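We count ligands from 1, going down the list as the structure has it; atoms in each ligand are counted the same way. Please read all numbers here as calculations on a predicted model, not as lab measurements.
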Amino acid sequence: MAVSLWKSLLQTTKSRLFLQRGVSLYNGVHGFEEEAIKKKLQQFGGGSINLSKEDHGIRVLTLNNPKQMNAFTGTMMLELQERVTELENWKDGKGLIIHGAENTFCSGSDLNAVRAMSSSEDGMNMCMFMQSTLTRLKRLPLISVAVVQGKALGGGAEFTTACDFRLMTPGSEIRFVHKQMGLVPGWGGAARLVQIVGSGVALKLLSGALRVDPERAVHLGLAEETLPSSDETRSLEEAQAWLNKYTKAPAEVIQAVKKVVTAGRELQLEAALRAEKDIFGTVWGGPANLQALAQSTKRK
Ligand SMILES: CC[C@@H](C(=O)O)C(=O)SCCNC(=O)CCNC(=O)[C@H](O)C(C)(C)COP(=O)(O)OP(=O)(O)OC[C@H]1O[C@@H](n2cnc3c(N)ncnc32)[C@H](O)[C@@H]1OP(=O)(O)O
């Protein structure tokens, strides 16, 4: 009796926590020193993370450091956390497109910063910082899609897995190059890759540091499709058109859809069912539901 009560309390707390905004995966108990790592990251500047204005419920996040093939500097990591907080507070959002500036996605961590932060303490703190930010990104109640142009390498490849979907442009590649650096992914990319393609394929991609072109990515289920254009502007328009197919409903409905799917992916069955009940309660009898009920009974 006491055990099942405890289990049920634990599951409810877990599902509540996961629905909360701005919650870090790690804290002092895990040895995470957030303020210390933020101070450190501040020393490695360059580039920016830009967020466009809202357009029909969709915003575009740009990884912008083209001089270094959009490698992630320390300040870009800090800006990414700020942009994710902004997106968590975006009430009317439905979709997010993520791409790299000047037609390439991202070449991973800025190797200059990596070299200067080679102590175990810095490495662990950076790993926890990025895992936390990318987990919050993946949990956003928005449908997110990475447009992979050019190269997505190392941390860049990991970043694409923090989006719900990946669309690739002709000639692009995703490559987990970590093995060649004597590393494994540390931004949560391995765990998410296994969820996306399964453990066998993930093992091959990581242990072989394989180059995944669009055809192979679609075949493996890593990408949804190859966009027709490699031109930056046109491929973004194509991605927008692709995303529009999944965001044609009021924001509260799209957000609820994303939340039930996230709950199903991340929680154990009973906790996921409880979360689904709570989310269902937010749309049942809501404006979109009442409007639909007042209309024809046929779904076209
Ligand atoms: C912590 C580990 C892991 C993680 O966080 O998960 C990582 O991500 S570590 C980084 C892994 N990434 C790499 O190892 C990629 C390294 N870069 C390359 O292999 C190549 O640069 C490229 C991306 C294949 C592009 O090659 P190419 O088209 O020939 O251009 P250049 O090599 O001339 O690059 C242009 C310019 O950009 C600089 N650059 C590229 N990537 C990085 C990077 N990750 N960090 C810092 N700088 C980067 C490159 O040095 C060139 O600069 P200049 O020489 O000053 O022009």
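In Lys151, the part holding a heavy atom less than 4.0 Å from any atom of ligand 1 is the side chain. Of all the heavy atoms of Phe72, none lies under 4.0 Å from any atom of ligand 1, so neither backbone nor side chain is involved. Contact annotation: for Leu183 versus ligand 1, heavy atoms closer than 4.0 Å belong to the side chain alone.
Some N or O of Gly155 is nearer than 3.5 Å to an N or O of ligand 1, by distance alone. For the pair His178 and ligand 1, the shortest N or O to N or O distance falls below 3.5 Å. At least one N or O atom of Leu111, backbone or side chain, sits closer than 3.5 Å to an N or O atom of ligand 1.
Atoms of ligand 1 lying under 4.0 Å from any heavy atom of Asp110, numbered from 1 in the order shown and given with element: 45 (N), 46 (C). Of all atoms in ligand 1, listed by their number and element, those nearer than 4.0 Å to a heavy atom of Gly108 are 8 (O). The ligand atoms of ligand 1 that sit less than 4.0 angstrom from a heavy atom of Glu158 are 4 (C), 6 (O). Annotation for ligand 1: atoms under 4.0 Å from non-hydrogen atoms of Gly154 are 8 (O). Atoms of ligand 1 lying under 4.0 Å from at least one heavy atom of Trp187, given by number and element, are 5 (O).
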Assess whether ring-ring contact (aromatic ring centres under 6.0 Å, His included) is satisfied between Trp187 and Phe129, documenting all intermediate values.
CA-CA 8 Å; Trp187 295 2; Phe129 185 84; over 10 Å; no

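Of the protein's heavy atoms, at least one falls inside 4.0 Å of atom 24 (C) of ligand 1. Protein heavy atoms come within 4.0 Å of atom 41 (N) of ligand 1. Put simply, atom 33 (O) of ligand 1 has no protein non-hydrogen atoms near it, under 4.0 Å away. Shown here, atom 11 (C) of ligand 1 is in close reach of the protein: a heavy atom of it lies under 4.0 Å off. At least one protein heavy atom sits closer than 4.0 Å to atom 44 (N) of ligand 1. Within the 4.0 Å cut-off (strictly below), a protein heavy atom is located near atom 6 (O) of ligand 1.
The main-chain N or O of Gly46 is found under 3.5 Å from a side-chain atom of Thr73 such that the two form a donor-acceptor pair. Checking side-chain atoms of Lys94 against main-chain N and O of Ala249 turns up a donor-acceptor pair under 3.5 Å. Between the side chain of Arg166 and the backbone N or O of Leu222, at least one donor-acceptor pair lies under 3.5 Å. Ser235 places no side-chain N or O within 3.5 Å of a backbone atom of Pro228 that could act as its donor or acceptor partner.
Given atom 30 (O) of ligand 1, the protein heavy atom at minimum distance is Met69 SD, 4.3 Å. The closest protein non-hydrogen atom to atom 1 (C) of ligand 1 is Ser109 OG, 3.6 Å. Ranking the protein heavy atoms by distance from atom 38 (C) of ligand 1 puts Gln68 CA, 3.8 Å first. For atom 13 (C) of ligand 1, the nearest non-hydrogen atom of the protein is Ser107 O, 3.7 Å. The protein non-hydrogen atom at the shortest distance from atom 9 (S) of ligand 1 is Met181 SD, 3.4 Å. Counting protein heavy atoms only, atom 18 (C) of ligand 1 is closest to Leu153 CD1, 4.5 Å.
Side-chain N/O atoms of Trp242 and Glu224 include no donor and acceptor closer than 3.5 Å. Between the side chains of His178 and Glu158, a donor-acceptor pair is found at a separation under 3.5 Å. Side-chain contact check for Ser24 and Ser132: at least one donor-acceptor pair (N or O, by modelled atom type) lies under 3.5 Å. No side-chain N or O of Asp231 forms a donor-acceptor pair with one of Ser229 less than 3.5 Å apart.
Under 4.0 Å is where a charged nitrogen must lie from a carboxylate oxygen, and between Arg59 and Glu54 no such pair does.
Across all their heavy atoms, Asn64 and Ala101 have their closest contact at OD1-CB, 3.4 Å. When all heavy atoms of Leu61 and Arg83 are compared, the closest pair comes out as CD1-CB, 3.9 Å.
The environment of His30 atom NE2 is dense: over 12 non-hydrogen atoms of other residues, nucleotides or ligands sit within 6.0 angstrom.
Considering Val148, Thr62, Leu137, Ile49 as possible partners of Ile98, the one that fulfils the side chain to side chain contact (heavy atoms under 4.5 Å, CB included) test is Leu137.
Under the 4.0 angstrom criterion for non-hydrogen atoms, Lys67 is in contact with ligand 1.
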